[in-house]
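Note that the coordinates shown come from a computational prediction; the quantities given were computed from them, not determined experimentally.
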Amino acid sequence: MEEEIVKKNSRKLLLIIMVISVLGLGGCAGEEAPQTDTLKDVLEAGVLRVAVTDNNGAYSYIGSATNQLTGIEISMMKSFGEYLGVTVDYVILNQDGLVEAVMNGEADLAIGRICYDGIMEKDSVISDCYGTGNTYAVTRRGVFSATLGAFEEQTIGLSKGVSPDVIKTTSEIRDASRKENLTREEAAIYLENGAIGGFFCREEDARYFMANPQLQAQVITNLPQERYVAAGRADAQALMNEFNKWLIQATEDGTMDQWNQVFRKQ
C-alpha cells in the first residue's frame with residue numbers, strides 16, 4: 001500500500017515538474033507572465049472537474065440499485081484521476097451543456113458524445129476517440145428504414161439527444177418535415193398513430209422501444225458514426241496529452257474492453 005502511494009505521489013510530482021518546465025515558471029522578473037495551463041491547475045488543486053451527462057447509455061447513467069453515477073466513462077475518469085494522483089468531481093449536465101461547461105471554466109474536461117466543428121476546435125483540444133455510436137431509426141415493424149432515402153416525403157421525429165450532424169443531414173431529406181426534440185413517450189404515440197414515419201435517436205433510446213412488438217429499430221447506414229471523446233479548452237493540451245497516454249495504456253492492457261463488457265450487459 002505504501003509503495004502504491006509513493007508511486008502515485010511520484011507520478012504527480014513528475015507531472016508538476018514537467019508542467020513547470022514547459023511553462024517556464026520561476027523565470028526572471030520582467031518576463032511575460034506564463035500562460036495558464038489546466039494540468040498545472042488540476043495537479044495543484046488535487047481535483048479534476050469533469051462535465052458528464054447522466055443519461056449516456058452504458059457510458060454514464062444513474063445506477064438503479066445504487067442511485068449513483070456509474071458507467072464506462074465514470075470508471076474511466078476514476079482510473080484517470082488515479083493516474084494523475086487527484087480526485088474527480090463530476091459536473092452533471094445535459095448533453096448540450098458539456099462543452100459550454102468547459103469553455104466557461106466550470107469544468108476542466110468534458111467527456112462523452114461531444115459534438116464539435118472547426119470553429120470550436122480552434123478554442124479547444126480533443127482527445128483520441130474511445131468509442132463510437134450509431135443513429136437509429138425507430139419505425140413500425142416491417143418498414144424498411146436503413147437509409148435516409150426511406151424517409152422522403154414523410155414526417156420524421158428527432159430525439160433530444162441526436163447530434164447537430166444528424167439534425168443537419170435529416171433536414172436535407174427530400175420533401176420531409178420534422179418534429180424535433182421529442183421525448184421517447186411522445187415519439188411512441190406519434191409512431192403508433194402514424195403522425196411520424198420514423199424516430200431518429202441514439203442506441204439507448206432505441207432500446208426503449210424494443211419492448212413494443214409493433215416497432216423496430218434499425219441503424220441508419222448512411223449517417224456517420226458519432227465519436228466519444230474528451231474535450232478541453234485550448235490551455236488543456238498537456239492534460240489531454242496525459243489523457244491520451246492513459247487511454248492507450250487502458251486500451252492495450254484490456255481495461256477498456258473489461259468496462260465495455262461489464263456495463264453493456266447491464
Requested in this report: Output, in order, the C-alpha distance, side-chain angles, deciding distance and verdict of side-chain hydrogen bond (donor to acceptor under 3.5 Å, both in side chains) for Thr155 and Ser177.
Outcome: CA-CA 5 Å; Thr155 298; Ser177 58; 2.7 Å; yes

Query raised in the report: Looking only at side chains, do Ser159 and Asp205 share a donor and an acceptor under 3.5 Å apart?
Result: yes

Query raised in the report: Can any side-chain N or O of Thr221 pair as donor or acceptor with the backbone N or O of Ala146 at less than 3.5 Å?
Result: yes

Query raised in the report: Is Arg49 paired with Asp89 through a side-chain N to carboxylate O contact shorter than 4.0 Å?
Result: no

Query raised in the report: Is the shortest heavy-atom distance from the side chain of Arg202 to the side chain of Asn56 under 4.5 Å?
Result: yes

Query raised in the report: In Å, rounded to the nearest 0.5 Å, how long is the span from OG of Ser127 to CD of Glu242?
Result: 13.5 Å

Query raised in the report: Taking side chain as C-beta onward, heavy atoms only, is Pro213 less than 4.5 Å from Arg141?
Result: no

Query raised in the report: Which pair of heavy atoms, one from Val138 and one from Ala217, lies closest together, and at what distance?
Result: CG2-CB, 4.1 Å

Requested in this report: Evaluate the side-chain proximity of Phe243 to Met76: yes if any heavy-atom separation is below 4.5 Å, no if none is.
Outcome: yes

**Report entry** Heavy-atom side-chain proximity of Glu106 to Glu100 below 4.5 angstrom
**Finding:** no

**Report entry** Positive for side-chain hydrogen bond (donor to acceptor under 3.5 Å, both in side chains) with Glu73, one of Tyr90, Tyr130, Trp259
**Finding:** Tyr130

Requested in this report: Ignoring hydrogens and angles, tell me if any N or O in the side chain of Gln237 forms a donor-acceptor pair with the backbone of Arg233 under 3.5 Å.
Outcome: no

Report task. Flag the pair Tyr136 / Phe200 as yes when their ring centroid distance falls below 6.0 Å, and as no otherwise. Result -> no

Query raised in the report: If you measure from the Lys or Arg side-chain nitrogens to the Asp or Glu carboxylate oxygens, is any gap between Arg174 and Glu153 under 4.0 Å?
Result: yes

Report task. Group every Ile, Leu, Val, Met, Phe, Trp and Tyr by side-chain heavy-atom contacts under 4.5 Å, then state whether Phe209 and Tyr61 land in the same group. Result -> no

Query - Step-by-step side-chain hydrogen bond (donor to acceptor under 3.5 Å, both in side chains) determination, Asp235 to Thr38 - result: CA-CA 6 Å; Asp235 60 9; Thr38 303; 2.8 Å; yes

Query raised in the report: Which heavy-atom pair separates Arg113 from Glu226 by the least distance, and what is that distance?
Result: CD-OE1, 2.8 Å

Report task. Apply the side-chain contact (heavy atoms from CB on, under 4.5 Å) test between Thr170 and each candidate in Ile220, Val162, Ile156; give the one that qualifies. Result -> Ile156

**Report entry** Flag side-chain contact, heavy atom, 4.5 Å: Phe263 against Thr70
**Finding:** yes

